[in-house]
Amino acid sequence: MIQQLIIGIFIGILIVSDPFLVANLQSKTLLGVGVPFEISIITLISFVTGGILLFLIQQTKKADVRRAFIILTVIGLQTDALSPLPIALGDLVIGVYFSIFIVICMVKKSELKITIIDILNLSFLLFIMLAISSGYITSSLAAVKFIKLMMLSFLIVNLCTDREGLIFLIKWLIIITTISAFIGILQEAVYVFTGFPVVGFIDAKNMKHMKEITDFGPALKVPGFTGSYIVIAFLLSTNIIITLNILLYIPLTALKKISLWVILLIMSVGLYLTFSRVTLMALGVIVPLVIIGRLQKYLLHISALFLLLLVVVSITINFKPIIHVTDIYRKVQDAVLQERSWGELRIRLQLNREGLYGFINRHPLVGIGAGKSNRYCSHFYGWGAHNALIRVAGDLGIIGLIVYLCIILYSLGRIIVINIKVRDPMDIGVARGLLFAFSLYLILLQFDSVYQGVYLWFLIGVIAAMDSILLRTTSKVKNSFVGWRKLDVL
């Protein structure tokens, strides 16, 4: 029955979407080669989804639907650029699995897990729907996108119902992200030697923002196959934090430690090649906190060493023998001042001011409509505020902002509670990783214009799933995740 459902849903999606989405091929390129307008969406997608369909059927035959969902969802997070359509692999996986899950629950009369996050999501969706009257098409599209995010977090909670499933998700998230980082490194190598960007289907408008001029010549801000260097930077930075916490807290064999250090190195190189200064800055803030949190008994020593380094740098700034170090320091200082005065940072600060003033003076309660707050700004290319909270306030007003903050703060509060309750080293490693990764993402939101991020709601769903497992386990084993000890983490 499940196989027939999968086949029927895929065929239905292909047939219905064909006449509406074929025009999107005009502005897309694959590997730098133009795609003919006449190619049918059905013909194109059939080849792409054929392998996915076979994989799904194979997994369902093995009664391993949950693991197939986890793997395909993580892959879908990082392969948007492989589809020439607005509908990517991740969208198909979420839609298909949600439909199958609801049908199975209706047939088997199974119970659904409804969490507080689901209720808050519904409340936020309500404000997006109310904004349709002022935002029209953009608000309608925002509502459809958020419904997808709601389904994603709902499915993670309902399909990751035990420790084994959750640890399986973390493991494959790290593995697939490492593969994306390696692909990004290869993309950079190909671009440096050939000048040819092998990035998948990306609009020419977005490609303009993926070029970087370095001291060694032109370079590519590698996007992997995510469609944006910002997306892969978010993925890599958060997974670096998760991997680092696993190394610091979980006792592993020497081979597994070496493997994780190699993974950490690959992701770090991939992150550097995105040339995302904001992400690197945020990572520079979080990594010391991770290390200090693990080495609390050496906090005084670390603080003293840090102060000593500051004193040495301050004293030696004007000494001639170390002119090279002085030049580096001055270059960094000049770069920061130049960026603030004339660079992109100045533009972003101006956009944030305009977005904030527009929200306060024009539509403070209900907003101007989802996706419309960029009208408050006067940028030539129509950019809006580069701050997720300002964008929420501008789109949905102060009430929508309050609900959005409730979703964020509730998830942050629950992962903090989990960190307080867990005691086993393996539990602490996973919990600390999620806490610092989520905190890092919150820092990045202050510099990003997208507040409906798929990966953000993915993390929210993972936190809700872990919280659900902990609450269910509390009455049985007194807040201990001892069962994870028996699992092979990597």
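All residue numbers refer to positions in the sequence shown, counting from 1.
- Only one option out of Val392, Leu456, Asn387 pairs with Leu445 in a side-chain contact (heavy atoms from CB on, under 4.5 Å); it is Leu456.
- Tyr404 places a side-chain N or O within donor-acceptor distance of the main-chain N or O of Tyr451, the cut-off being under 3.5 Å.
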Under the side chain to side chain contact (heavy atoms under 4.5 Å, CB included) rule, what do Ser180 and Ile232 come out as? Steps first, then yes or no, please. CA-CA 8 Å; Ser180 291; Ile232 196 171; 4.2 Å; yes
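- Between the Arg294 side chain and the Leu248 main chain, a donor and an acceptor come within less than 3.5 Å of each other.
- Ring orientation note: the planes of Trp457 and Phe146 are nearly perpendicular, at an angle over 60° on the 30°/60° scale.
- For the atom pair CG (Leu159) and OG1 (Thr73), the distance works out to 8.5 Å, reported to the nearest 0.5 Å.
- Expressed to the nearest 0.5 Å, how far CG of Asp427 lies from CD1 of Ile418 amounts to 10.5 Å.
- Pairs passing the side chain to side chain donor-acceptor pair (under 3.5 Å) check and including a residue from residues 238-247, sequence neighbours excluded, read Thr177-Asn239, Thr238-Tyr455, Asn239-Tyr455.
- In terms of heavy atoms, Cys160 sits closest to Ala465 at O-CB, 4.0 Å.
- Using a 3.5 Å distance cut-off with no hydrogens or angles, the side chains of Gln78 and Thr226 do not pair a donor with an acceptor.
- Contact detail for Ile443 and Ala282: the closest heavy-atom pair is CG2-CB, 3.7 Å.
- Evaluation of the side chain to side chain contact (heavy atoms under 4.5 Å, CB included) rule for Thr279 yields Ala233, Phe234, Ser237, Leu271, Ser276, Leu444 as partners, not counting sequence neighbours.
- The distance from the CZ atom of Phe168 to the CG atom of Leu173 is 12.0 Å, given to the nearest 0.5 Å.
- Taking the side chain as every heavy atom from C-beta outward, Tyr410 and Ile460 never approach each other to under 4.5 Å.
- Side chains of Phe225 and Val199 form no contact here, defined as non-hydrogen atoms less than 4.5 Å apart.
- Residues Phe458 and Leu169 are in side-chain contact: their nearest non-hydrogen atoms beyond the backbone lie under 4.5 Å apart.
- Using a 4.5 Å cut-off on side-chain heavy atoms (C-beta onward), Leu166 and Asp162 make no contact.
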Run the side-chain donor-acceptor check on residues 428-440: report pairs under 3.5 Å with partners two or more places apart or on a different chain.
residue	atom	partner	partner atom	Å
Arg432	NH1	Asn419	OD1	2.7
Ser439	OG	Leu435	O	2.8

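- Put simply, the side chain of Ile75 reaches to within 4.5 Å of the side chain of Ile71, judged on heavy atoms.
- Rounding to the nearest 0.5 Å gives a distance of 9.5 Å between OG1 of Thr79 and CG of Leu72.
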Determine, stepwise, if the pair Tyr249 / Met426 fulfils side chain to side chain contact (heavy atoms under 4.5 Å, CB included). CA-CA 7 Å; Tyr249 287 96; Met426 188 170 289; over 6 Å; no
Report the C-alpha separation of Arg67 and Glu164 in whole Å, then their side-chain angles, then the decisive distance to 0.1 Å, and conclude whether the salt bridge (charged side-chain N to carboxylate O under 4.0 Å, His left out) test is met. CA-CA 10 Å; Arg67 294 199 173 196; Glu164 185 177 4; 2.6 Å; yes
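- No side-chain donor-acceptor contact under 3.5 Å links Asp80 to the backbone of Gly227.
- A 4.5 Å side-chain heavy-atom check between Ile246 and Leu252 finds at least one atom pair inside the cut-off.
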Under the side chain to side chain contact (heavy atoms under 4.5 Å, CB included) rule, what do Leu389 and Leu401 come out as? Steps first, then yes or no, please. CA-CA 7 Å; Leu389 300 182; Leu401 176 62; 4.2 Å; yes
Which donor-acceptor pairs under 3.5 Å do the side chains of residues 181-190 make with protein atoms, sequence neighbours left out?
residue	atom	partner	partner atom	Å
Gln187	OE1	Gly224	N	2.9
Gln187	NE2	Val198	O	2.8
Gln187	NE2	Gly224	O	2.7
Glu188	OE2	Leu220	N	2.9

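- The CD1 atom of Ile114 lies 6.5 Å from the CG atom of Asn158; values are rounded to the nearest 0.5 Å.
- In plain terms, the two heavy atoms of Met210 and Tyr229 that are nearest each other are CE-N, 3.9 Å.
- If you take CG on Leu264 and CD1 on Ile242, they are separated by 12.0 Å, rounding to the nearest 0.5 Å.
- Pairs of residues two or more places apart, or lying in two chains, that qualify as side chain to side chain donor-acceptor pair (under 3.5 Å) and include a residue from residues 143-157 are Asp91-Lys148, Asn121-Ser153.
- Ser411 is listed as a side-chain neighbour of Ile117, based on a closest heavy-atom distance under 4.5 Å.
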For side chain to side chain contact (heavy atoms under 4.5 Å, CB included), just list the numbers for Met151 and Ile94, CA-CA rounded to whole Å, side-chain angles, deciding distance to a tenth of an Å, and then say yes or no. CA-CA 7 Å; Met151 291 192 295; Ile94 294 171; 3.8 Å; yes
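- Checked against a 6.0 Å centroid threshold, the rings of Phe196 and Phe193 do not count as neighbours.
- Proximity of Trp261 to Leu247: side-chain heavy atoms (C-beta onward) are separated by under 4.5 Å at one or more points.
- Remark: Thr178 pairs with Ile174, Ile263, Ile266, Met267 by the side chain to side chain contact (heavy atoms under 4.5 Å, CB included) rule, at least two apart or across chains.
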